[in-house]
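Bear in mind that the values here come from a model prediction, so they are computed numbers and not experimental data.
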2 protein chains.
Amino acid sequence: MPGISGGKNYHHGDLRNALICAAVDLAGEGGPERVVLREAARRVGVSPTAAYRHFDGRGELLRTVRLHARARLAEAMERAAAREPGADDPALAAERRLAALCRGYVGFAVEHPGLYRAAFGAVRPAPEEPPAGAPRPPEPEIRAFTLLKDALEALGRTAGRRPAAGAAAWSAVHGLSLLLLEGPLRRLPAQRRDDVVETTLAMVVSGARAR
Amino acid sequence: MPGISGGKNYHHGDLRNALICAAVDLAGEGGPERVVLREAARRVGVSPTAAYRHFDGRGELLRTVRLHARARLAEAMERAAAREPGADDPALAAERRLAALCRGYVGFAVEHPGLYRAAFGAVRPAPEEPPAGAPRPPEPEIRAFTLLKDALEALGRTAGRRPAAGAAAWSAVHGLSLLLLEGPLRRLPAQRRDDVVETTLAMVVSGARAR
DNA sequence: ACGGAATGTTCATGCGGTCAACATCGGGCA
DNA sequence: TGCCCGATGTTGACCGCATGAACATTCCGT
């Protein structure tokens, strides 16, 4: 329901959406730490505290941005997979799809560093554990993960399988993305970067094949 | 040279070290964002601005902490590897060492989340690229990475090899660590967590074997 | 038409980073 | 020996940010 984009009636009308858009822009520009309530309000032309009528505070705004970012990531992955040509051999097709998804994942991260970081970076300080007993709101599905997992399962149908394989694959692409983005693999020339990406993909695929 | 620990003569004497210790403590407690200049100064019993006599500002303090954290991580990895029993078969020994290093890596991350995050998390905003042409100070070696790379090379001597294999392995453990720490794999019960870790390790090793 | 809920605004607090001006203190040099 | 400077701290001040409280406005349903 919270239409992410549509916002026309700015300045007065659907501030919530306007703020979200501004915040997403900010995240795109400088990652989660750049998502500053006051700045978002400023961009929308409204007083800082107005945001509190729509969000609990910066934290919730950030969480909303994160949802968007995750959705965009998943879209990028699916687009990448869709572009991939099929194959007669289902096993091969599965491998290709997995690889394509991973490339889409890393590609998105590299192209939209800020959004990617916003998608998964921790939003400190938020480890406030409710007294234990309070039913935690179920973490919403993370499509990027689901996509990977499903691709692996498809692969597993023809090869070995392993329950945590999805997490392993995810770890690889996630880690790779972060190392490339803000980690020590930052300033890697594009050429070598692709090399690293492909090697990592090979690792993921081989890990999926190996039972 | 900046002796990290030794500091006795607080309050006056080697403020720099005292501040570093306090900052490292802070990072350990709440990660990089918890490293707050004023708080470090407070803990050392000195005025906030005193820190500026020893650091350029919060950024440099944080960078210093990061170095420490990385060193500690490397130590943890080596300890883990040292505990690993050898093997007659050099290939097997190499595999075991690699796995042990990885376990040490993830173990450190899980045991010291704050420090781990401080070790690798981005220190925004810092993408100030010097006009292009200015010789960038060579990134100091990152031992954790070197350890992994060397272990893989040792493995490669008996199996296939691949240049970017180190980065791939690193990606896996790094990503895994972050997913476990602050990512969606946070609240995973310890049991399943180990499962994920082992599966990821299997992926890394199989990736190293696969030529 | 009216009253209250929704939505903004203004003010005020407190925290953190950082700068400039001032205070100290310990040496080293004249 | 004694004075002056530089290293090291301290005070005070400024600015941005997150948030909360109290006040103003709008707009809608009864």
Calculate the interatomic distance between [X] atom [atom1] and [N] atom [atom2]; express it in whole Å.
X	N	atom1	atom2	answer
A/Asp56	C/dT7	CG	C1'	16 Å
B/Arg53	D/dT11	CZ	C1'	12 Å
A/Asp14	C/dA6	CG	P	17 Å
B/Leu19	D/dG9	CG	C1'	12 Å
B/Asn17	D/dT8	CG	C1'	15 Å
A/Arg16	C/dA6	CZ	P	15 Å
A/Glu60	D/dA18	CD	P	15 Å
B/Phe55	D/dT8	CZ	P	12 Å

Next item on the list: Any side chain to side chain donor-acceptor pair (under 3.5 Å) involving residues 188-200 of chain A? Give me the pairs, sequence neighbours left out, ordered by first then second residue.
Entry: A/Arg103-A/Glu198, A/Thr199-B/Arg162
Margin query: Please enumerate all residues that pass salt bridge (Lys or Arg N to Asp or Glu O under 4.0 Å) together with A/Arg97, with sequence neighbours excluded.
Written below: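 None.
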Note to self: Please enumerate all residues that pass salt bridge (Lys or Arg N to Asp or Glu O under 4.0 Å) together with A/Arg42, with sequence neighbours excluded.
What the structure shows: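 For A/Arg42 the salt bridge (Lys or Arg N to Asp or Glu O under 4.0 Å) partners, ignoring immediate neighbours, are A/Glu39.
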Next item on the list: Considering just the side-chain nitrogens and oxygens of B/His54, establish if one lies under 4.0 Å of OP1 or OP2 belonging to D/dA7.
Entry: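 Looking at the OP1 and OP2 atoms of D/dA7, neither is under 4.0 Å from any side-chain N or O of B/His54.
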Item checked: Check against ring-ring contact (aromatic ring centres under 6.0 Å, His included), A/Phe108 and A/His112 -> CA-CA 6 Å; A/Phe108 178 86; A/His112 309 286; 4.9 Å; yes
Next item on the list: Could you encode protein contacts along nucleotides 10-17 of chain C as a string, one character per nucleotide from 5' to 3', using B for base contact, S for sugar-phosphate-only contact and - for no contact, with a heavy-atom cut-off of under 4.0 Å?
Entry: B-----BB
Checklist line | Residues that A/Glu84 engages under side chain to side chain donor-acceptor pair (under 3.5 Å), provided they are two or more places apart | finding: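 Counting only residues at least two positions away or on another chain, A/Glu84 forms no side chain to side chain donor-acceptor pair (under 3.5 Å).
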Next item on the list: Could you pull out all residues at least two apart from A/Phe145 that satisfy ring pair (Phe, Tyr, Trp, His ring centres under 6.0 Å)?
Entry: A/Trp170
